[in-house]
Amino acid sequence: MEIIYQSTRNKEERATASEAILKGLASDGGLFVPTAIPAFSVPFDQMAKMDYCQVAFEVMKLFLTDFTEEELKYCIESAYDKKFDTPQIAPLREANGVYYLELFHGATIAFKDMALSILPHLLTTAAKKNHVGEEIVILTATSGDTGKAALAGFAEVPGTRIIVFYPKDGVSPIQEKQMVTQRGKNTTVVGIHGNFDDAQNGVKAIFNNRELAAAMKEKGFRFSSANSINIGRLVPQIVYYVYAYTRLLAAGTLGDGECMNVVVPTGNFGNILAAYYAKCAGLPIGKLICASNDNKVLYDFFQSGTYDKNREFILTTSPSMDILISSNLERLIYKIAGEDAEKNAELMGALARTGKYQITEEMRGKLSDFYGGFATTEQTARTIKELYEKTGYIIDTHTAVATSVYNAYREETKDQTVTVIASTASPYKFTRSVMTAIDPRYEPMGDFELVDELSRLSETKVPGAIEEIRSAEVIHKRVCDRDQMQATVEEILGM
């Protein structure tokens, strides 16, 4: 079955998988979604005998139907190779009766590597398939992890440039150092005076500027996105939920057809949406537990049916979740609106005009798969400390938000279903917050002293991604105001 993609705001705008990946965002500002979610075609007990690359092929071939088998296997094998520090790619680790899906074994030690290792290959393959002659300019906003993973993925990829905007004071010191030391003649990193939502809104405005797009075309450029708004980011994320389920099946932890719950620390909603798509395609998932930090706009949405970004923006110890506009939620809203593009466009228009929208009771009734919870910064720190003291296992701040929410969910519901928590970043990426949560006496230590102490406590090797930035030269020093983002892009491109 061929899968076609259409805009969430206009059913008339359609694209093949490769065209949707190239465009990133639909021309009306909507997101590309499949016209139908395909069902998994290979039995899970058969996939339980496959390695990560083989599972990835069986999943992705269903969604990316205009890629040939040869093209897709080339992209997968180029992505999931020795850039990952374990042959399992995404291992499961049991601690305190729950299974942590470690999504941080790639080149930049965060879950974004899982999709951004393959996106450059999907994008350049898509460009060839569609006879694109222009240089592709990847334009991305990041709350910390997407930026470095995208930079690492696209650095020195022929026919591409990448420009990453990040909130200057809204990422961890390690996250910032990873980005500003990135090598590659085709890479640019820009800090903005503002928060992630400002960066994301600025990028969307640039994408939606048709005059700029025409000027770009004249100069031989075209924009695409590495953010999770790109369907080429979302499809690879479906894979690791299938992989986790089949590992639990292989271990006898789950019986065939038995459900697992999934807990995801959530900012832009892409990671948990991938789990939802996996469930829609037939993966036995029970509850999708959406964990928020102090910026609990999603928790409030699941509680009330109102999405309202009009609130204080709070900087937390889990900065990749410091987001008030969860872009990928639009794909879920479109689905629960009965795939009514007009209704979805109306709600997104209300969000743009007033900063909020209210879904109908009928739509709320279709959210029963989801459970929303949130954890404060204090609860997050306490969870890190308690899990370490109980098991010796050390998790990062984002994973701790998910763990705290799951603990509250289990206490409230008494649900004993086997549960997988998406562990979205290595604790080495947030060493100060992690180490001071374990013991406040670590506070005076320097960032890299803390790295070495974390290695000693956790009995793990310091990741290469951290070792390489200890003495790396800062290459990218550009900073701009949020209203100067387009002018900055034009300057970088020599326009």
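A quick note: this is a predicted structure, and the numbers were derived from the prediction, not measured.
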Using modelled atom types and a 3.5 Å cut-off, is there a donor and acceptor pairing between side-chain atoms of Lys168 and backbone atoms of Gly191? no
Check whether Lys279 reaches the backbone of Ala274 with its side chain - one donor and one acceptor, N or O, closer than 3.5 Å. no
Closer than 3.5 angstrom, by distance alone: can the side chain of Arg233 be matched with the main-chain N or O of Lys112 as a donor-acceptor pair? no
Is a side-chain N or O of Arg331 found less than 3.5 angstrom from the main chain of Ile229, in a donor-acceptor match? yes
In this structure, CZ of Arg161 is separated from CG of Leu493 (nearest 0.5 Å) by 5.5 Å
Residue of the set Ser426, Ser423, Ser318, Ser404 for which side chain to side chain donor-acceptor pair (under 3.5 Å) holds with Thr399: Ser423
Has the side chain of Asn295 got a donor or acceptor atom that lies under 3.5 Å from a matching backbone atom of Ile314? yes
Consider only side-chain N and O atoms of Lys429 and Gln175, and report whether a donor and an acceptor are under 3.5 Å apart. no
Ring centroid separation for Phe84 and Tyr80, is it under 6.0 angstrom? yes
If the plane angle is over 60° it's perpendicular, under 30° parallel, otherwise tilted; pick one for Phe302 and Phe370. parallel
Please check this pair: side chain of Asp113 against backbone of Ala149, looking for a donor-acceptor N/O pair closer than 3.5 Å. no
Is the backbone N or O of Leu329 less than 3.5 Å from a side-chain atom of Ser326, with the two atoms forming a donor-acceptor pair by type? no
Heavy-atom pair of closest approach, residues Gly194 and Pro167: O-CB, 3.2 Å
Heavy atoms of Tyr428 and Ser455 approach each other most closely as OH-CA, 3.0 Å
Nearest heavy atoms of Thr397 and Val434, plus distance in Å: N-CG2, 4.2 Å
Determine whether a donor-acceptor pair (N or O, by modelled atom type, separation under 3.5 Å) exists between the side chain of Asp308 and the backbone of Lys356. no
Nearest non-hydrogen partners of Asn230 and Gly24, listed with the distance: ND2-CA, 3.7 Å
Results of ring pair (Phe, Tyr, Trp, His ring centres under 6.0 Å) for Phe221 - residues two or more places apart only: none
Do Asn208 and Leu25 touch side chain to side chain, with heavy atoms closer than 4.5 Å? yes
Do the ring centers of Tyr241 and Tyr277 come within less than 6.0 Å of each other? no
side-chain hydrogen bond (donor to acceptor under 3.5 Å, both in side chains) involving Arg183 - partner list, sequence neighbours excluded: none
May I ask you to check whether Phe32 and Tyr5 place their ring centres under 6.0 Å from each other? no
Closest approach of Gly153 to Pro120 (non-hydrogen atoms, all atoms of both residues): O-CG, 3.3 Å
Ring pair (Phe, Tyr, Trp, His ring centres under 6.0 Å) pairs, two or more places apart, involving residues 388-407: Tyr100-Tyr393, His398-Phe430
Any donor-acceptor N or O pair under 3.5 Å, side chains Ser327, Lys204: yes
Is it true that the side chains of Asn96 and Lys390 contain a donor and an acceptor less than 3.5 Å apart? yes
Between Ile21 and Leu64, does a side-chain contact (heavy atoms from CB on, under 4.5 Å) hold up when you go through it step by step? CA-CA 10 Å; Ile21 288 169; Leu64 307 181; 4.2 Å; yes
Minimal heavy-atom distance between Thr266 and Met321, with the atoms involved, is N-CE, 3.5 Å
